[in-house]
J.: 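This structure is in structure tokens; I'll ask about it shortly.
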Amino acid sequence: MYGLQLDFVNKILDSYFGSTLPNKTKKSIWLGFGLKLQGATENIDDFDEVFTGENKSGYKRARVTFGQANDNLMVNTNTVIFPTAIDDWTKDTRKIESVGIFDTDKYYYDESESSLLDKALIKPLVILKLPMPIEIKKGETAMLEPGVVVMNLSDM
């Protein structure tokens with residue numbers, strides 16, 4: 001696959017999403033929910049992250065930790081816990097269909113201004129489709145168990 005040796009593919013995945021070699025410090029990688037799936041091969045610019053104004057809904061990206069890459073796969077080792085929704089994250093017929101994997105928990109490149117509404121969203125590194133769409137309503141806490149978030153080099 002890709003003309004790359006499997007050991008090299010695992011090192012690529014480890015170096016960005018897993019442990020920083022040689023000291024094995026875990027990277028800061030974050031998950032964000034997406035209301036629609038555009039897919040990395042289509043157009044990641046249109047990833048529609050769950051976001052309402054200035055975090056009025058309580059939405060925030062959640063930290064994810066990946067284990068060491070094995071056979072071209074990265075799998076989360078922690079329970080990913082999002083903040084409890086203080087308002088509905090999904091409204092009308094919209095549902096969460098995907099997760100974006102980010103190298104930051106921040107929504108914007110520039111946080112120097114007080115208004116968050118006019119700034120460009122940081123794009124996800126990888127977009128993964130959820131097995132089934134979900135809704136998150138006020139008072140609910142979304143959690144993804146260890147082993148649920150699985151990606152490989154072909155997802156990028």
J.: Is it the case that more than 12 heavy atoms not belonging to Lys137 sit under 6.0 Å from its NZ atom?
T.: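 Correct, the count exceeds 12.
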
J.: Do side-chain atoms of Asp103 reach the backbone of Phe17 as a donor and acceptor pair under 3.5 angstrom?
T.: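 Flag not set: sc Asp103 to bb Phe17 has no pair under 3.5 Å.
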
J.: Let me see the working for Ile29 and Arg63 under side chain to side chain contact (heavy atoms under 4.5 Å, CB included), right down to the final yes or no.
T.: CA-CA 6 Å; Ile29 303 292; Arg63 177 93 187 264; 5.7 Å; no

J.: Under 3.5 Å, side chain of Tyr59 to main-chain N/O of Pro83, donor-acceptor pair present?
T.: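 Side chain of Tyr59 to backbone of Pro83: no pair is present.
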
J.: Using atom types as modelled and distance alone, determine if a side-chain donor or acceptor of Asn76 lies under 3.5 Å from a backbone N or O of Glu145.
T.: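 It does hold such a pair.
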
J.: Roughly how far apart are Met151 CE and Ile127 CD1, rounded to 0.5 Å?
T.: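 One gets 13.0 Å once the value is rounded to the nearest 0.5 Å.
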
J.: Minimum heavy-atom separation for Gly32 and Arg61, please, with both atom names.
T.: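 It is CA-CG, 4.0 Å.
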
J.: Go through Trp89 and Lys138 one step at a time and tell me if the side chain to side chain contact (heavy atoms under 4.5 Å, CB included) criterion holds.
T.: CA-CA 7 Å; Trp89 289 0; Lys138 182 178 180 178; over 6 Å; no

J.: Decide side chain to side chain contact (heavy atoms under 4.5 Å, CB included) for Asp88 and Ile136; before the verdict, give the C-alpha distance in whole Å, the side-chain angles of both, and the deciding distance to 0.1 Å.
T.: CA-CA 6 Å; Asp88 292 349; Ile136 299 177; over 6 Å; no

J.: Output, in order, the C-alpha distance, side-chain angles, deciding distance and verdict of side chain to side chain contact (heavy atoms under 4.5 Å, CB included) for Glu49 and Phe102.
T.: CA-CA 11 Å; Glu49 190 170 1; Phe102 299 83; 3.7 Å; yes

J.: Can a donor-acceptor pair be found, under 3.5 Å and without considering hydrogens, that links the side chain of Asp14 to the backbone of Ala69?
T.: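 Present.
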
J.: Can you tell me if Asp71 uses its side chain to pair, donor with acceptor, with the backbone of Leu73 under 3.5 Å?
T.: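 No, because the side chain of Asp71 does not come within donor-acceptor range (under 3.5 Å) of the backbone of Leu73.
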
